[in-house]
Number of protein chains: 2
Amino acid sequence: MHPVQEDRALSTSGINNPSGESVERLRAYLQDGAVRGRTTDDVTGAMREAILDGVLSPSTWLRESELATAFKVSRTPIREALKRLADEGLVVKTAHHGAMVAALSLEDVLALYVIREDLEGLAARLAAVRCPEGLVEELDEINAAMREAAEREAVSELSKLNLTWHRALRTGAANPYLERFLNQVEHAVRRLPATTLVHPGRPEEVLAEHEAVARAVKERNGEAAEQEARAHMRRAREIRLAVLLGS
Amino acid sequence: MHPVQEDRALSTSGINNPSGESVERLRAYLQDGAVRGRTTDDVTGAMREAILDGVLSPSTWLRESELATAFKVSRTPIREALKRLADEGLVVKTAHHGAMVAALSLEDVLALYVIREDLEGLAARLAAVRCPEGLVEELDEINAAMREAAEREAVSELSKLNLTWHRALRTGAANPYLERFLNQVEHAVRRLPATTLVHPGRPEEVLAEHEAVARAVKERNGEAAEQEARAHMRRAREIRLAVLLGS
DNA sequence: CCCGAATCGATTGCATGCAATGTGAATGCG
DNA sequence: CGCATTCACATTGCATGCAATCGATTCGGG
């Protein structure tokens, strides 16, 4: 059910990675001031972000006691967090060996972009039909910020803004299930080694494609918005495969 | 993020339902022979099924200690199970009051069927394109069993077979993400009060619509399969609304 | 030298206990 | 009689301890 542990894992990390190293990097994520009643949630969030940002790479074992020490909490919230992350498909729990960040196979990536094209298309269509107050302005603002970041070649910021743009779009669709699913899709995409925005010329393309979607939304043309969004995702998939396979 | 607690809840149960009653009914779900190492999973599964089958209805408080007693385990696995179910959107946890089965609002149902149409359509298309060995036969078999059940007016069995049919279709699509999402959709749909199959004439319609999808899959006509599946879902939505509002 | 089996160690899984916090009710005051 | 305030209880949240299980290693036999 979960996309895991395939033959051809696209992991960036080496093999036989002793967990201490990754967990060490994890400490940088820790925010003090732990508030009672939100320990587990905080831990879950921190670990999720750590995985998504690649701080914890696949083929490193995550042992409860180690994480507990790093987070300065007991094993209980760690244990719950790992279970939740396992449900999300981000980690794989192996009995008596600990949890491991799940690797994505090439097949998983392909499957991911298939459904992503569908869902992003649906989100664009719904957003266009509803066209809630201020959505177009928000999209344009984010895109403008992206343009500025692209000129400065601030890839990390560009990537974050890109996520923001897509989040805004799906929030505009106002469908809780769609939002949830696209959120899970985002998590899966973020686990891929690098961003596609490093590809030469890709940032400009993205800007243009985003504009095309925003324009369709503004005109409340659901069909056009869906088509533009789908095209955007198909192109993203192409670049992704080029980045993954070409490197 | 989760679909919860709207004004117009479609709950079937009354108000101010003391939890004891529901938890009492839950005991019937208990299988003895608890195996170590799977306690939490068993509990989670049992509670999920209990909620989906309506054994635990909304507006009943689920208190950890009570459930722990009912399941004859400690509060720890109960606690974890509730957290996981909360992540799935099946229960809502209110601080210091316990968890409660989440109610579905009318808006949620509409949103659900919007995305369901999309995803089932995609599943049908992918299944048609791949058309894995034996899929068509499996679909036809299930549909035949459904026909037989419909003639006997075995609604419960019919409903179960219907789920099986859709599961087979999405498994045939061979996309782990799609399968996961449709699984979540199924869970949401199953939480709705009654099945749409009680609607007069609906079973026969469903059979015909399933056949249309299966035919398109057999002909490996992805486009047709998607359209038929989408039409099936649009019709299902209509009936659902009629059942919900008409009653 | 290779293979099988048994033991040891490491790790997770669950039960229990304690602390913190919000709710509800009862009481006193205006 | 209504309202604010306070106190106590019920409930969840996390820490810790113990037991079970599985993998790895080592030892003995062929």
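Every chain is numbered from 1, with letters handed out A, B, ... down the list of sequences. FYI, side chains are in, hydrogens and waters are out, and symmetry mates aren't considered; it's all heavy atoms of this structure.
For the pair A:Met100 CE and C:dT11 C1', the interatomic distance rounds to 16 Å; values are reported in whole Å. In this structure, the CD atom of A:Glu66 is 9 Å from the P atom of C:dT12, given to the nearest Å. In this structure, A:Leu62 atom CG and C:dA10 atom P are separated by 19 Å, rounded to whole Å. Per the geometry, NZ belonging to A:Lys72 stands 18 Å off P belonging to D:dC14, to the nearest Å. To the nearest angstrom, P of D:dA15 lies 13 Å from CD of A:Glu64. When rounded to the nearest whole Å, the span between NE2 of A:His97 and C1' of D:dC22 equals 7 Å.
In this structure, the ring pair (Phe, Tyr, Trp, His ring centres under 6.0 Å) partners of A:His97, at least two apart in sequence or on a different chain, are A:Trp61. The side-chain contact (heavy atoms from CB on, under 4.5 Å) check on A:Ser74 picks up A:Thr76, A:Pro77, with sequence neighbours excluded. Among residues two or more places apart in sequence or in another chain, the side chain to side chain donor-acceptor pair (under 3.5 Å) test is passed with B:Asn175 by none. Every residue two or more places apart in sequence or in another chain that forms a side chain to side chain donor-acceptor pair (under 3.5 Å) with A:Glu186 is listed here: A:Arg167, A:Arg170, A:Arg190. Partners of B:Ala124 under the side-chain contact (heavy atoms from CB on, under 4.5 Å) rule, at least two apart in sequence or in another chain, are B:Leu169, B:Val213, B:Ala225, B:Ala229. The side chain to side chain donor-acceptor pair (under 3.5 Å) search around A:Arg79 returns B:Glu80, not counting sequence neighbours. Partners of A:Thr44 under the side chain to side chain donor-acceptor pair (under 3.5 Å) rule, at least two apart in sequence or in another chain, do not exist in this structure.
With A:Met47 as the partner, the side-chain contact (heavy atoms from CB on, under 4.5 Å) test is satisfied by one option alone out of A:Leu82, A:Leu52, A:Val55: A:Leu82.
For the contact set between residues 74-82 of chain B and DNA chain D, defined by any heavy atom under 4.0 Å, the members are B:Arg75, B:Arg79.
Note on A:Lys93: a side-chain N or O is less than 4.0 Å away from OP1 or OP2 of C:dG13.
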Heteroatom pairs (N/O) under 3.5 angstrom, protein to nucleotides 5-7 of chain C:
none

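Between C:dT11, D:dA15, C:dC14, one nucleotide has an atom nearer to the side chain of A:Arg63 than all others, and that is C:dT11.
Put simply, the side chain of A:His96 and the base of D:dT21 share a donor and an acceptor less than 3.5 Å apart.
A salt bridge between B:Asp41 and B:Arg84 is present, with a side-chain N of the basic residue lying under 4.0 Å from a carboxylate O of the acidic one.
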